Structure formats: structure tokens, C-alpha cells
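Everything on this sheet refers to the single structure shown next.
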There are 2 protein chains.
Amino acid sequence: MAISTRDRILDAAEWLFADQGFHLTTLRQITQAAEANLAAVNYYFGSKQELIRAIFRRRLDALNAARLERLDAIESDTDRPELEAVLDAFVEPALEFTRGGDAEGQRFMQLLLRAFADRDTALHEAMRAEYAHVMRRFADAVSEALPNADPTRLRHQLDFIVGALTLTMAESALKDTRIIAAELVQFAAAGLRGSLENRIPDSARRTLEATS
Amino acid sequence: MAISTRDRILDAAEWLFADQGFHLTTLRQITQAAEANLAAVNYYFGSKQELIRAIFRRRLDALNAARLERLDAIESDTDRPELEAVLDAFVEPALEFTRGGDAEGQRFMQLLLRAFADRDTALHEAMRAEYAHVMRRFADAVSEALPNADPTRLRHQLDFIVGALTLTMAESALKDTRIIAAELVQFAAAGLRGSLENRIPDSARRTLEATS
DNA sequence: GTCTATATGTAGATAGAC
DNA sequence: GTCTATCTACATATAGAC
């Protein structure tokens with residue numbers, strides 16, 4: 001038995017939560033899949049909620065660490081980083097998760113989506129707190145690559161990218177993700193650069209005028 | 001009592017599902033909020049699952065109908081529609097849902113997000129089937145606005161936009177949505193146009209080469 | 001640390017009176 | 001169509017032996 005009971009529970013629970021959702025997945029299923037006893041979850045984590053948070057912390061830490069590592073590398077290489085390189089540092093680690101034979105990361109992306117959908121309470125707070133740090137670093141990096149960008153719009157646009165990334169990674173079949181990620185980087189870069197023109201589209205202006 | 005019991009149940013259930021998720025919300029909560037009897041859900045819908053599907057069908061029909069109506073209007077106006085106008089026809093009805101004093105639509109966007117996260121089974125199939133029709137119409141319209149676009153990439157890019165829209169609408173505070181929608185239209189238009197250059201970003205190419 | 005056994009709560013669904 | 005009462009099932013959590 002190379003892996004500890006605690007880790008087997010984490011792995012099994014992550015798989016089941018991603019597949020079925022939090023509430024549908026029972027401690028019985030988890031402990032059975034982990035080949036552990038029903039009481040073990042409470043012994044190691046205290047409650048089902050704490051187990052969920054532990055799963056989350058583990059992967060989110062790893063994902064964000066990988067992103068920041070790449071960003072650091074880019075920023076130490078050059079004074080003004082290329083926009084695409086910054087976006088790639090954000091997108092590619094998520095993709096990296098999705099790669100690999102066991103499809104671990106795609107499961108986690110599915111989990112991320114569930115977390116977005118859940119108005120869970122504490123989980124949301126924890127995620128936001130952990131994300132805020134990373135998002136600010138990336139917002140700063142994009143600002144350096146695009147010095148004329150408006151900070152408020154930039155925030156919104158990063159949210160667009162997170163949305164596109166999360167939904168895409170959770171939905172798409174495994175084998176296309178590498179190409180899709182490259183397409184997303186390009187799409188996002190073009191979108192960000194396009195906003196510098198600061199042109200309100202005719203159709204949108206019409207909408208704004210009609211409803212204000 | 002102006003509204004029928006059936007409709008009161010639909011309204012109450014939609015609110016609670018969006019707020020708490022499907023599994024956390026009980027039939028007892030729903031019927032209590034709707035001021036109906038517990039047995040009424042089974043009487044009108046047969047089961048909880050069927051109730052969920054009925055809620056979904058109601059709103060999704062309305063949203064997609066509104067989108068297609070706008071698209072029809074654009075296409076009958078001109079031979080080659082403006083890209084931004086097409087995107088606005090897709091984005092703005094979702095926004096329209098989110099507007100209005102009672103915040104009905106934001107709830108529904110939250111619900112949509114849950115549906116994406118749920119690997120529910122039949123619900124997913126039903127959504128996809130309903131969406132396929134609309135997405136093809138919009139893909140065609142974008143193709144006309146951007147005749148040189150690659151169809152496969154276009155599909156992916158529309159998914160990016162859906163992801164950005166869904167996550168943004170579900171998360172953002174009500175009062176900003178009008179501006180954010182306009183920004184999303186512009187961001188998406190620039191992203192789509194940028195793909196025509198068909199340039200693979202240096203960073204992404206590095207990634208591709210390193211991992212292939 | 002791991003197990004069995006069980007306490008306690010609450011879910012969805014239905015039978016049958018009105 | 002609407003109600004009360006209840007069936008049946010399964011959830012989380014814990015007590016306590018080993």
C-alpha cells in the first residue's frame with residue numbers, strides 16, 4: 001500500500017465530486033472507492049465540507065503556483081513581456097492539468113466549474129482570496145504589455161478569459177485541448193488589443209441608447 | 001390568486017435551484033415557498049427531475065427565441081451583417097434577462113452555469129440539442145461577416161464567447177452588466193478578427209513544440 | 001488507525017381522504 | 001386539485017470495540 005489512506009480518499013473524492021457533484025457523492029461511495037472505512041473521512045478531515053476544501057486547496061495551489069512560476073520566468077527574461085507570453089502563462093498550466101494519461105486535470109476543471117456555480121459560501125471566499133493574488137499579478141503583467149489599456153476594462157476582460165478557459169477545458173474532449181489552448185491565447189490577445197481602439201460597436205451603442 | 005399553482009412552483013423552484021443548487025433544494029422548500037402542498041410537485045410534474053427540465057425549457061426557449069429574433073432582424077436589414085451586430089444579437093438577450101427589477105435573469109444564468117457543471121445526463125442532452133440549432137445559425141452569421149474564418153476555429157471561438165458570457169453574467173453585479181456586455185461584444189469581435197491573421201503566438205508555438 | 005454498529009435526520013415519493 | 005399521513009431509502013456523523 002504505497003499511498004496513504006488520506007491521499008486515497010482525496011483522490012477518490014476528487015474524481016467522484018467532479019463526476020457527480022458534491023451533494024450527489026456520498027461518503028460511502030468515496031470510502032468504498034478509496035478502499036477505506038466509512039468513518040475514515042471524519043477521522044482525517046472532520047467533515048465532508050472540510051474534505052471538499054482540502055481537495056480544492058491542493059489543486060488550486062498547484063495550478064496557481066505553476067502559473068506564477070511561468071510568469072516569473074517571462075518577467076525575468078525581458079522588461080516588457082509579450083502579451084501572448086503572459087496569456088500563455090495563464091492558460092497553459094490549466095492545459096497542462098488537462099493533459100496526462102489519467103485526465104486528472106480535466107476532472108479538476110469540472111470541479112472548478114462546480115465551484116463557480118455553487119454559491120457555497122466559504123469555498124467561494126477561499127477561492128476568491130487565493131485567486132485575487134494571482135489575478136492581480138497577471139493584470140499587472142498584461143498592463144505592462146499593453147500600457148494604454150484601461151484598468152477597469154482589463155479586469156472585466158480577464159474575467160472573460162477565465163470564463164472561456166474554464167468552460168472550454170471542462171467541456172472539450174481531451175485530445176484537442178492543446179490546439180484549443182493556443183487558439184484561446186490568440187483569441188484573447190486579439191481581444192485585448194482590440195479594446196485599445198476603444199471603439200464602441202454601433203450595435204452595442206444602439207442598445208445602450210435604447211435602454212438608458 | 002392570479003398565478004396558477006403550477007407556475008408558482010416553477011417560479012419558486014427556479015429561484016431556489018439557482019440559489020442553492022439542485023440537490024440541496026428540497027421539494028419541501030419549493031412547495032413551502034410556492035405556498036403549495038408537498039404533493040403538488042409530483043402531481044404536476046411527476047418528479048423532481050421533470051420539474052428541473054420544465055424550468056429549463058421555459059427560460060431557454062425564451063432566451064434563444066429572443067436571440068434568433070434579433071438575428072433575423074439584422075439579416076433582413078442587410079446582405080452582409082456587421083460582426084458586432086451579430087455578436088450583440090447573441091449577447092444582448094442574455095443581458096436583457098439579467099436586467100429588470102426582479103433579477104430573474106441573473107438567477108437563470110446561475111442556473112445555466114449549474115447545468116454546465118452538472119454532468120446530469122438527460123438535461124445536458126436536452127440543452128445541447130436546443131442550443132445546437134441556435135449556435136449553427138450564429139456560426140453561419142459570423143461566417144458571413146468574416147468570410148475567411150476557419151469553420152473549426154469558429155466553433156471553438158463561439159464556445160469561448162459562451163463561456164465568457166455565462167461566467168460573467170452569473171458573477172457580475174447587476175448594475176454593470178450593460179457596460180460589460182458591450183465590452184464583451186467588442187472583445188469578442190476583436191478576438192474573432194484577430195484569428196484571421198492566423199498567427200500562432202510565439203509562446204504558444206514554443207509550448208506546442210515542447211510537448212509534442 | 002481502522003472497524004462495526006447505530007443514532008439521528010431528512011430526502012423523494014405515494015396512498016387515499018376530502 | 002389539494003390535503004395529511006406515511007412508506008422507504010439513504011445521508012452524515014459518532015460511539016466504542018479492537
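Convention: sequence-line order gives letters A, B, ...; per-chain numbering from 1. Note that the coordinates shown come from a computational prediction; the quantities given were computed from them, not determined experimentally.
Note on B:A39: a base of the nucleic acid sits closer than 4.0 angstrom, heavy atoms only. Backbone-only contact: B:T25 has heavy atoms under 4.0 Å from sugar-phosphate atoms and none from a base.
Across the protein-nucleic acid pair, A:F45 atom CZ and C:dG1 atom C1' stand 14 Å apart, rounded to whole Å. Between B:Q20 atom CD and C:dA11 atom P the separation is 11 Å, expressed in whole Å. To the nearest angstrom, C1' of D:dT14 lies 8 Å from CG of A:N42. In this structure, the CZ atom of A:R6 is 11 Å from the P atom of C:dG1, given to the nearest Å. The distance between atom NZ of A:K48 and atom C1' of D:dT14, rounded to the nearest whole Å, is 17 Å. The distance between atom NE2 of A:H23 and atom P of C:dT10, rounded to the nearest whole Å, is 16 Å. Rounded to whole Å, atom C1' of C:dG1 lies 11 Å from atom CD1 of A:I9. If you take OH of A:Y43 and P of C:dG1, they are 5 Å apart, rounded to a whole angstrom.
With salt bridges taken as basic N to acidic carboxylate O contacts below 4.0 Å, none links B:R70 and B:E75. For the pair A:D11 and A:R58, the salt-bridge criterion is met [side-chain N within less than 4.0 Å of a carboxylate O]. A salt bridge is defined here as a Lys NZ or Arg NE, NH1 or NH2 lying under 4.0 Å from an Asp or Glu carboxylate O, and B:E14 with B:R59 meets this definition. A salt bridge links B:R137 to B:D72: at least one charged side-chain nitrogen sits closer than 4.0 Å to a carboxylate oxygen.
For the OP1/OP2 pair of D:dT2 and a distance below 4.0 Å, the side-chain nitrogens and oxygens of B:Y44 include at least one atom meeting the criterion. Checking the phosphate oxygens (OP1, OP2) of C:dT10, no side-chain nitrogen or oxygen of B:T26 falls inside 4.0 Å. Within the 4.0 Å cut-off from OP1 or OP2 of D:dT4, at least one side-chain nitrogen or oxygen of B:N37 is found.
Judged by closest nucleotide on DNA chain D, A:L24 is the one of A:L24 and A:G46 placed further toward the 5' end.
Checked by distance alone, B:R28 brings no side-chain donor or acceptor within 3.5 Å of a matching partner on the base of C:dT10.
Taking every side-chain heavy atom of B:S47 into account, C:dA13 is the closest of D:dT14, D:dG1, C:dA13. Closest contact between the side chain of A:T5 and the listed nucleotides C:dA13, C:dT2, D:dA13 involves C:dT2.
Here the straight-line distance linking atom CD1 of B:I55 with atom CG of B:L16 works out to 9.0 Å at 0.5 Å rounding.
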